[in-house]
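Throughout, numbering of the chain's residues begins at 1 and tracks the sequence.
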Amino acid sequence: MFSGKCTSSARLDGKIAIVTGANTGIGKVTAKQFYALGAKVILACRDVGKAEKAVSEILAEVKSDGLGQLIVEELDLASFASVKRCAKNILQKEKQIHLLVNNAGVMACPKGKTQDGFETQFGVNHLGHFLFTSLLLPRIRNSAPARIVNVSSRAHTRGLINFEDINFDRNYSAMAAYSQSKLANVLFSRELARRLVGTGVHVYSLHPGIVSTELGRTVDEVYFPGLWLLGRVILFPWVKTPEQGAQTTLHCSIDEKAGEETGLYYSDCMAKEPSALAKDPELAKKLWEKSVEMVSLKDYDMFDCDGDTLPKPLEDA
């Protein structure tokens, strides 16, 4: 009763789709459905072994005509070097990219840093996907009509972008850092959509719901043992299965009406109002400029780049 459902009957035959974090949870369900709809699906995952296991399970579960393909690529969003290698591998193999679902993420982690020195949640949930999307964007633009879907969270409504201490070096709070990263997802989506107006590439952000996945596996480490299980018991009536949690991602990815929209925020397969900060165009622009600086793309114009060749930042990747 608390879950929307993607009702589109659209097919993805001949389309190339990338899903980050597709080895488990809603990412795996998303990849499975794209495969069933005829797409060539690239599962971009940190743990290649788990991704290959997910592929085997999907192949065993889905038996029908008109199936696509399943490909595994290694992607560790906590490492810019890994992000660049993955993007380079994909661009060397695929001449088109029609659908990018930035699904992978971490939540409520103990205080830590990515390989490049950024707070883990901001680094993985936002910066890693910002860099990955930026490097693939010229190819995505050349493949229009295309879509970019960023999985955020309602937690963005509690988020602030603290430019003075964006890495939480002072007064670290696991949930505040998570909320900041999820607000960044929505702001990134809105600014990217604005910059892509008229290109045929549409951008979406969404709240999947409270989903029974592995996302909160570190909560007990941050707070106290058993908290994650306790929370799931208390919230049981509202907790979705991964299949239910993937519905809004699927809606944004394939629905015909959604295909006419861009820059919006969705929940339960409907456009919803995000927080006031998430709609602030100046904040979105400032975050974009800060992100470009943090991922070292200052000399790279992703909007004026030949989509048929490798972007300059990948020449030595």
Side-chain angles (χ1 to χ4, degrees), residues 10-48 50-52 54-55 58 67-80 82-105 124-152 185 188-189 192 196 200-206 208 246 249-254 259 302 307 310-311 313-314 317:
R11 295 276 306 172
L12 293 174
D13 300 291
K15 303 296 185 182
I16 310 297
I18 303 170
V19 183
T20 70
N23 61 286
T24 187
I26 62 177
K28 180 182 176 183
V29 173
T30 300
K32 178 180 177 180
Q33 187 63 21
F34 289 170
Y35 168 68
L37 293 174
K40 181 178 183 180
V41 188
I42 298 170
L43 292 80
C45 304
R46 180 177 59 84
D47 191 320
V48 171
K50 289 184 178 179
E52 290 174 342
V55 167
I58 293 171
L67 300 177
Q69 301 176 59
L70 297 168
I71 308 293
V72 172
E73 290 286 352
E74 183 177 5
L75 171 65
D76 181 356
L77 290 160
S79 163
F80 291 164
S82 175
V83 172
K84 289 179 180 180
R85 282 194 302 271
C86 183
K88 184 175 183 178
N89 288 339
I90 291 172
L91 291 173
Q92 288 177 330
K93 297 173 185 176
E94 308 298 340
K95 296 306 178 186
Q96 291 189 307
I97 301 171
H98 303 98
L99 185 53
L100 170 61
V101 178
N102 289 319
N103 163 83
V124 170
N125 296 346
H126 172 60
L127 291 177
H129 280 130
F130 181 90
L131 177 60
F132 192 52
T133 303
S134 299
L135 296 172
L136 298 177
L137 190 58
R139 187 67 48 86
I140 295 172
R141 283 174 35 234
N142 272 17
S143 307
R147 305 190 196 191
I148 298 170
V149 180
N150 295 315
V151 179
S152 180
N185 291 156
F188 169 46
S189 301
L192 180 59
L196 287 170
V201 181
H202 290 198
V203 188
Y204 312 80
S205 63
L206 65 96
T249 299
L250 295 172
H251 173 83
C252 293
S253 299
I254 67 175
M302 66 194 81
L310 283 176
L314 296 184

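Summarising the geometry, atom CG belonging to N150 is positioned 7.5 Å from atom CG belonging to L100; distances are rounded to the nearest 0.5 Å. Annotation: the span from I16 atom CD1 to K95 atom NZ amounts to 12.0 Å, rounded to 0.5 Å. K40 NZ to I18 CD1: the interatomic distance, rounded to the nearest 0.5 Å, is 10.5 Å. The NZ atom of K15 lies 10.0 Å from the CG atom of L99; values are rounded to the nearest 0.5 Å. N89 CG to E94 CD: the interatomic distance, rounded to the nearest 0.5 Å, is 11.0 Å.
In terms of heavy-atom proximity, M302 sits nearest to P138 at O-CG, 3.8 Å. Smallest separation of non-hydrogen atoms from V124 and G105: CG1-CA, 4.5 Å. Residues V72 and A51 approach most closely at CG1-CB, 3.7 Å, considering heavy atoms. Minimum heavy-atom separation, A22 to C45: N-SG, 3.4 Å. When all heavy atoms of A317 and K88 are compared, the pair lying nearest together is O-NZ, 3.0 Å. The shortest non-hydrogen separation linking H98 to G14 is CE1-O, 3.8 Å.
Between the side chain of R141 and the backbone N or O of G307 there is no donor-acceptor pair closer than 3.5 Å. Not a single donor-acceptor pair under 3.5 Å links the side chain of S152 to the backbone N or O of L206.
A 4.5 Å side-chain heavy-atom check between T20 and V151 finds every atom pair outside the cut-off. Between L91 and P311 the shortest side-chain heavy-atom distance falls below 4.5 Å. Residues T24 and K50 have side chains not in contact (no heavy-atom distance under 4.5 Å, counting atoms from C-beta outward). The closest side-chain heavy-atom distance from V83 to L75 is below 4.5 Å. A heavy-atom distance below 4.5 Å is found between the side chains of S253 and V101. Two residues are said to be in side-chain contact when any heavy atoms from C-beta on lie closer than 4.5 Å; L196 and L137 meet this criterion. Side-chain contact between F80 and L127: present, with at least one pair of heavy atoms (C-beta onward) separated by less than 4.5 Å. For the pair R139/I90, no side-chain contact is recorded, criterion being any heavy-atom separation below 4.5 Å from C-beta on.
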(message) Set out, in order, the CA-CA distance, both residues' side-chain angles and the distance that settles side-chain contact (heavy atoms from CB on, under 4.5 Å) for Q92 and L310, then state yes or no.
(response) CA-CA 8 Å; Q92 288 177 330; L310 283 176; 4.0 Å; yes
(message) Please determine whether side chain to side chain donor-acceptor pair (under 3.5 Å) holds for the pair N103 and T249, giving the CA-CA distance in whole Å, both sets of side-chain angles, and the decisive distance to 0.1 Å.
(response) CA-CA 9 Å; N103 163 83; T249 299; 5.4 Å; no
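Under the ring pair (Phe, Tyr, Trp, His ring centres under 6.0 Å) criterion, Y204 pairs with Y266, sequence neighbours left out.
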